[in-house]
Amino acid sequence: MLAFITLAISIACSIDSPAPVPSYRQASTVVIIPIEGAVDNVTAHSFERRLQDAADADAVIIELNTPGGDLMSTLEICYQIKNHAPSNTVAWIKPHAFSAGTIIALACRDIIISEGGMFGDAAPINAMGVPLPDSERAKIESPILAEVIDSARRNHYDERLVEAFVSVGIELWLIKNINTGETICVNAREYESLFGELPPQNFTPISTNEVTQQSFTPFFQLDDINGNEPYDPLLVQELPTSRTNVADESQSDWKLIKQIVPSDRLLTLKPAEASQYGLIKHVVSNEQDVKDWFGATTLKRIERNWSEALLSLLLSWPVRLALIALFVICIVVEFSTGTSGAFGIAASICMAILMGAPW
């Protein structure tokens, strides 16, 4: 009887106790560094400062809620993550991380996401939010694709999948090895090479204009000038690929799971799909969930300081346009009255802020 009671208690305790935290993820002190709003030069400098302040932490969480931002600032943040952040650095998408936010998240070792979160859509656009001309887009896509593929190889994400975040025209299908359970993403050329037939098209096109549909071309899979195999960004990486070469695989070992993305749109993911593709590790609701996921005893946040927040405000376009308008009005009033007084001082202050804030 006593043995039965002991067994029941042990079973109950095992049910209530949380799952053990893997050793590579265990952390006593965890620091959260939020990145919120548009990513710009101020964001990059603020992130570098806060990362230095978190030097003693066992793990760093980059909390992302951003619509995107400046390319060079994004690449600078990725550089800081890969070269100066602790290996136990995790991106927390809370709730959205589009464009620059997705690129930053991929640079981290792991990605977690809040319930209902979303990320993706990392194609370059201009400052007005308008798609770029083909030649300009191709030039800007090059460093972005190099960055996300490097992140994929570092953190064991699917290399084809991360391309679809950046470049319109990349079609992908998810296939699974029925023997090993391995899943990989393949493009149309790889699918046809493996199965000997064209892949199915399971997405409804956004446009019914056939010419428009055919105009999308992934810039980094064009035939080279000698007519050889298409150019592949995976071949220009310093890190070696661990990706399965489906050309060497047997068709009978693989089966189609689903089409991931068609050629007329960019990849954007919710938690369920991101988990299926191996991009996210966990769905978390709050900071307590984060502590439990790390097995942490201490969790603290390092926010932007007041000067960084003020500078970000002064550099925003609405404020800069208002300062320019105020400067012009003050100058006109000053010259029309023929006096030297308050309006001249106000114009000087506006110009000082306009010139001094970027400096």
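Values reported hereafter were calculated over all heavy atoms of this structure, with side chains retained and with hydrogens, waters and symmetry mates removed.
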Trainee: Between S285 and E115, what is the shortest heavy-atom contact and its length?
Mentor: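 In this case the closest contact between S285 and E115 is OG-OE2, 3.0 Å.
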
Trainee: State whether the number of non-hydrogen atoms from other residues, nucleotides or ligands found under 6.0 Å of D56 atom CG is greater than 12.
Mentor: no

Trainee: Suppose we screen for side chain to side chain donor-acceptor pair (under 3.5 Å). Which residues come up paired with R320, at least two apart in sequence or across chains?
Mentor: none

Trainee: Between CG of D289 and CH2 of W92, what distance do you get to the nearest 0.5 Å?
Mentor: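 It is 8.0 Å, given to the nearest 0.5 Å.
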
Trainee: Measure the CD1-CG distance between I260 and N202 for me, rounded to the nearest 0.5 Å.
Mentor: 11.5 Å

Trainee: Does a side-chain heavy-atom distance below 4.5 Å link V246 with I175?
Mentor: yes

Trainee: Surrounding CZ of F195 (heavy atoms of other residues, nucleotides or ligands, distance under 6.0 Å), is the total greater than 12?
Mentor: yes

Trainee: Is it true that F165 and V39 fall in one hydrophobic cluster, defined by side-chain heavy atoms closer than 4.5 Å?
Mentor: no

Trainee: So does K300 have more than 12 non-hydrogen atoms from other groups sitting under 6.0 Å from NZ?
Mentor: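 Open: at most 12 neighbouring heavy atoms sit under 6.0 Å from NZ of K300.
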
Trainee: Search all heavy atoms of S316 against all heavy atoms of L313 and return the closest pair with its distance.
Mentor: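 Closest approach of S316 to L313: OG-O, 2.6 Å.
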
Trainee: Does a donor on one side chain and an acceptor on the other come within less than 3.5 Å for D292 and Q288?
Mentor: yes

Trainee: How long is the straight-line distance from CG of L145 back to CD1 of I140, given to the nearest 0.5 Å?
Mentor: 12.0 Å

Trainee: Would you indicate whether the side-chain heavy atoms of N245 and E249 approach each other to under 4.5 Å?
Mentor: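 No; the side chains remain at least 4.5 Å from each other.
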
Trainee: Start with the C-alpha distance between D58 and V30, add both sets of side-chain angles, then the distance that settles side chain to side chain contact (heavy atoms under 4.5 Å, CB included), and finish with yes or no.
Mentor: CA-CA 6 Å; D58 301 315; V30 178; 6.0 Å; no

Trainee: Ignoring hydrogens and angles, state whether a donor on the side chain of S28 or T297 is under 3.5 Å from an acceptor on the partner side chain.
Mentor: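 Yes, because at least one side-chain N or O of S28 sits under 3.5 Å from a partner of the opposite role on T297.
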
Trainee: Do L269 and I149 share a hydrophobic cluster, counting only Ile, Leu, Val, Met, Phe, Trp and Tyr and linking them when any side-chain heavy atoms are less than 4.5 Å apart?
Mentor: yes

Trainee: Do I33 and F47 have side chains that get closer than 4.5 Å, going by heavy atoms?
Mentor: yes

Trainee: Roughly how far apart are I61 CD1 and L299 CG, rounded to 0.5 Å?
Mentor: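 Rounded to the nearest 0.5 Å, the CD1-CG separation comes out at 6.0 Å.
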
Trainee: What are the two closest non-hydrogen atoms of E76 and A44, and how far apart are they?
Mentor: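 Scanning both residues completely, I find the closest heavy atoms to be CG-CB, 4.2 Å.
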
Trainee: Is a side-chain N or O of T89 found less than 3.5 angstrom from the main chain of P86, in a donor-acceptor match?
Mentor: yes

Trainee: Could you go step by step and tell me if I103 and V148 meet the side chain to side chain contact (heavy atoms under 4.5 Å, CB included) rule?
Mentor: CA-CA 6 Å; I103 298 170; V148 297; 4.1 Å; yes

Trainee: Would you give the length of the straight line joining atom CZ of R304 to atom NE2 of H45, rounded to the nearest 0.5 angstrom?
Mentor: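 Rounded to the nearest 0.5 Å, the CZ-NE2 separation comes to 14.0 Å.
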
Trainee: Please report the C-alpha distance between N41 and S73 in whole Å, then the side-chain angles of each, then the deciding distance to 0.1 Å, and finally whether the side chain to side chain contact (heavy atoms under 4.5 Å, CB included) criterion is met.
Mentor: CA-CA 5 Å; N41 193 37; S73 300; 4.1 Å; yes

Trainee: Where the side chain of S348 meets the backbone of G344, is there a donor-acceptor pair that is under 3.5 Å apart?
Mentor: yes

Trainee: Please examine the side chains of E287 and I32, heavy atoms only from C-beta on, and report whether any two atoms are closer than 4.5 Å.
Mentor: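 Touching, per the 4.5 Å side-chain cut-off.
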
Trainee: Is the shortest side-chain N to carboxylate O distance from K82 to E147 below 4.0 Å?
Mentor: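 Looking at K82 and E147, the cut-off is met.
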
Trainee: Minimum heavy-atom separation for P200 to Y191, with atom names?
Mentor: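 What the structure gives for the nearest pair is CD-OH, 3.7 Å.
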
Trainee: Test of understanding: clusters of I, L, V, M, F, W, Y form through side-chain heavy atoms closer than 4.5 Å, transitively. Do L279 and L174 belong to the same one?
Mentor: yes

Trainee: Show the numbers, then the answer: is there a side chain to side chain contact (heavy atoms under 4.5 Å, CB included) between F98 and M118?
Mentor: CA-CA 8 Å; F98 297 114; M118 186 185 298; 3.7 Å; yes

Trainee: With a 4.5 Å limit on heavy-atom distance, are the side chains of R265 and F203 in contact?
Mentor: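 Yes, side chains in contact.
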
Trainee: Can you check whether L106's main-chain N or O pairs, donor with acceptor, with N155's side chain at less than 3.5 Å?
Mentor: yes

Trainee: Is it true that atom NZ of K258 has more than 12 heavy atoms of other residues, nucleotides or ligands lying nearer than 6.0 Å?
Mentor: yes

Trainee: Is the shortest heavy-atom distance from the side chain of F327 to the side chain of I331 under 4.5 Å?
Mentor: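 In short, these two side chains touch, coming nearer than 4.5 Å.
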
Trainee: If only side-chain N and O atoms count, and only distance matters, is there a donor-acceptor pair under 3.5 Å linking E182 with T244?
Mentor: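 Note: T244 and E182 side chains meet the donor-acceptor criterion.
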
Trainee: Check the hydrophobic clustering (I, L, V, M, F, W, Y; side-chain heavy atoms under 4.5 Å; chains of links allowed) and say if L51 and V31 are grouped together.
Mentor: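 Result: yes, single cluster for both.
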
Trainee: Is it true that I349 and L323 fall in one hydrophobic cluster, defined by side-chain heavy atoms closer than 4.5 Å?
Mentor: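 Yes, one cluster joins them.
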
Trainee: Between R50 and I302 (side chain of the first, backbone of the second, donor and acceptor by atom type, cut-off under 3.5 Å), is there such a pair?
Mentor: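 Checked: pair present.
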
Trainee: Check whether any side-chain N or O of T43 sits under 3.5 Å from a backbone N or O of D40 as a donor-acceptor pair, and report yes or no.
Mentor: yes

Trainee: Could you tell me whether R25 and D110 have a side-chain N and a carboxylate O separated by less than 4.0 Å?
Mentor: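 The answer is no: the pair does not qualify as a salt bridge.
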
Trainee: Under 4.0 Å between a Lys/Arg side-chain N and an Asp/Glu carboxylate O for E163 and R160?
Mentor: yes

Trainee: Between S99 (side chain) and P67 (backbone), is there a donor-acceptor pair under 3.5 Å?
Mentor: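 Side chain of S99 to backbone of P67: no pair is present.
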
Trainee: With no hydrogens and no angle check, is any side-chain donor or acceptor of K270 less than 3.5 Å from a backbone partner on G116?
Mentor: yes

Trainee: Just so I know, are the side chains of E171 and Q259 near enough to count as touching, which here means a heavy-atom distance under 4.5 Å?
Mentor: yes

Trainee: Keeping the roles fixed (side chain from T66, backbone from G37), state whether a donor-acceptor pair exists under 3.5 Å.
Mentor: yes

Trainee: Using the ring-ring contact (aromatic ring centres under 6.0 Å, His included) criterion, which residues pair with Y157? Sequence neighbours excluded.
Mentor: none

Trainee: So which heavy atom on A357 is nearest to which on L314, and how close?
Mentor: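 That would be CB-CB, 4.2 Å.
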
Trainee: Between NZ of K176 and CH2 of W254, what distance do you get to the nearest 0.5 Å?
Mentor: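 So the gap between those two atoms works out to 11.0 Å.
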
Trainee: Please give me the minimum heavy-atom distance between R301 and P34, naming the atom from each residue.
Mentor: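 For R301 and P34, the tightest heavy-atom pair comes out as NH2-CG, 3.3 Å.
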
Trainee: Would you say the side-chain atoms of E159 pair up with the backbone N or O of A152, donor to acceptor, closer than 3.5 Å?
Mentor: no

Trainee: Can a donor-acceptor pair be found, under 3.5 Å and without considering hydrogens, that links the side chain of T102 to the backbone of G120?
Mentor: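 Checking the backbone N and O of G120 against the side chain of T102, a donor-acceptor pair under 3.5 Å is found.
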
Trainee: Is the shortest side-chain heavy-atom distance between V162 and S151 below 4.5 Å?
Mentor: no

